[in-house]
Structure formats: C-alpha cells, structure tokens
Amino acid sequence: MKKTAIMLYPQFSEYELSVVLSILMQGNKSIITVGLNNQPIRGESGLTCVADTTISEINIEEIDSIVLPGCLDIEPLLDEEGLDKFLKQVVSSETIVASISSSPYFLAKAGLLTGKKYTVGLPMEAIEKLGVFEKENYCPDLVVQDGNMITARGSGFIKFGVCLGKALNLDFDESWYQET
C-alpha cells in the first residue's frame, strides 16, 4: 500500500494534523514525513520533529497522497522554490491532496489549484496581494473538495481530517471526531 506524505516546514501547525494523523492511523494508512531539508523542524507550538525524508530524497512512487498543514508565518516560505518543484512533481490527477489554513498558497503558487474550487485560511487582502489565487474559484466554506484536491481553513481541521479519510477510502470511526 502506498503512503501519505505529511509535509513539515518551519512553524507548521501541529493541531491541524492531529485528526488527520489519527484517521490515517485508524485506517492503517502508512505515512512518511517530509521536510524541506534534513534539519529538525519546529512547529508553531514548539514541537520539534525530524522528518523521515526530504523533498529531494523521497521516492515519489511510494506515495499516493499528501497533506500540507498551514503555518503560523508563511512569509519565510513564500519563495521556497524547492517546495514548489516538489509539489509539481508529486501531484497528479490521481494524487489525493489535502491542504489546510495557509498552505493552499503553495498549491496555487505551483499552479495546482488552477480551475479548482478552494478555500484558504488567509484574509482576502492577502489572497489578492499574493497574486497566485484564482479569486473566482474561492469558496468561503470551511472545507472544499474539488476532485482530488481538499482545502480547508484551519478551524475546519476535524472536518478536513474526515474528508481526507473518506477520499482515501479508509475504514475509521468518524464518531471519534464528533462532539456530543
């Protein structure tokens, strides 16, 4: 079975990955964490992680899906050409892509959201200023799925994880993630 790549970059949002990781575990879906380089990566709440591999070393043939968390400050990553190149290589029409909060920026910059409905956790002023988003395809919904692309605003992290689990046809208990 192919794996889900979990992207890690400086100031990644740990909580946005919590439900995704739980659902992947329940569904027996293997993951591989991927960093921009081989240095330890500190998340926005201070959790330090060491990725399993890097964007230049990963075997793209072993993944069928990718998760991009948002990050506290996207500005240092705006011109990260390695990530742009990696996403263009790994994302195909068969790849399930799940991107939350600020990370749809990376997909839009790489041209991977062209013609797709999406949402993003950035203010409209930033969307306009960044100049990579198709404003006519923006949806204000918490989570938007258009084909193989799942995008979400950060506060939709539970629905985001459930949507990914369903897109991957995983067997998981959705009731674990509902408030009662």
Shared hydrophobic cluster, [X] / [Y] (ILVMFWY, side-chain heavy atoms < 4.5 Å):
X: L17; Y: V50; result: no
X: L8; Y: I60; result: yes
X: V144; Y: V91; result: no
X: M124; Y: I100; result: yes
X: L68; Y: L78; result: yes

Report the C-alpha separation of D141 and T119 in whole Å, then their side-chain angles, then the decisive distance to 0.1 Å, and conclude whether the side-chain hydrogen bond (donor to acceptor under 3.5 Å, both in side chains) test is met.
CA-CA 7 Å; D141 301 340; T119 195; over 6 Å; no

When rounded to the nearest 0.5 angstrom, what is the spacing between CE in M1 and CG in N28?
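Here the interatomic distance stands at 7.0 Å.
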
Once rounded to the nearest 0.5 Å, what's the spacing between atom CD1 of I23 and atom CG of L170?
8.5 Å

Would you call [X] and [Y] a side-chain contact if the rule is heavy atoms closer than 4.5 Å?
X: I74; Y: S103; result: no
X: Y138; Y: K117; result: no
X: T4; Y: I32; result: no
X: L24; Y: L168; result: yes
X: I41; Y: T48; result: no
X: D146; Y: T151; result: no

Would you check, one step at a time, whether the test side-chain contact (heavy atoms from CB on, under 4.5 Å) holds for V67 with V97?
CA-CA 6 Å; V67 176; V97 180; over 6 Å; no

Report the C-alpha distance between M7 and I66 in whole Å, list the side-chain angles of each, state the deciding distance to 0.1 Å, and finish with yes or no for side-chain contact (heavy atoms from CB on, under 4.5 Å).
CA-CA 7 Å; M7 288 301 308; I66 185 168; 3.8 Å; yes

Heavy-atom closest contact (P104 atom, L113 atom, distance)
O-CD1, 3.7 Å

On a heavy-atom basis, the closest approach of G161 and V19 is CA-CG1, 4.1 Å

Ring centroid separation F157 to Y15 under 6.0 Å
yes

Centroid separation Y9 to F106 less than 6.0 Å:
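Centroid distance Y9-F106: below 6.0 Å, so yes.
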
Donor-acceptor contact below 3.5 Å, side chain [X] vs main chain [Y]:
X: Y118; Y: E134; answer: yes
X: D84; Y: A110; answer: yes
X: R42; Y: C49; answer: no
X: D52; Y: T33; answer: yes
X: E14; Y: S45; answer: yes
X: Q26; Y: D173; answer: yes
X: T95; Y: V90; answer: yes

Does a side-chain N-to-carboxylate-O contact under 4.0 Å join [X] and [Y]?
X: E62; Y: K3; result: yes
X: E80; Y: K85; result: no
X: E174; Y: K166; result: yes

Under the side-chain contact (heavy atoms from CB on, under 4.5 Å) rule, what do N37 and I55 come out as? Steps first, then yes or no, please.
CA-CA 7 Å; N37 53 47; I55 57 175; over 6 Å; no

Dump the intermediate steps for side-chain hydrogen bond (donor to acceptor under 3.5 Å, both in side chains) on Y105 and S99, then the final yes or no.
CA-CA 9 Å; Y105 164 78; S99 180; over 6 Å; no

May I have the step-by-step check of side-chain contact (heavy atoms from CB on, under 4.5 Å) for S102 and C71, ending in yes or no?
CA-CA 6 Å; S102 57; C71 56; 4.0 Å; yes

Is it the case that T54 and S56 place a side-chain donor and acceptor less than 3.5 Å from each other?
yes

So for atom CG, which belongs to D73, do other residues, nucleotides or ligands contribute more than 12 heavy atoms lying within a distance under 6.0 Å?
yes

K109/E81 under salt bridge (charged side-chain N to carboxylate O under 4.0 Å, His left out): CA gap, chis, key distance, verdict:
CA-CA 10 Å; K109 182 174 180 263; E81 294 303 321; 3.2 Å; yes

Using the rule given for salt bridge (charged side-chain N to carboxylate O under 4.0 Å, His left out), can you reason through K29 versus D64, listing the C-alpha separation, both sets of side-chain angles and the distance that settles it, and then say yes or no?
CA-CA 11 Å; K29 179 75 167 155; D64 62 1; 2.8 Å; yes

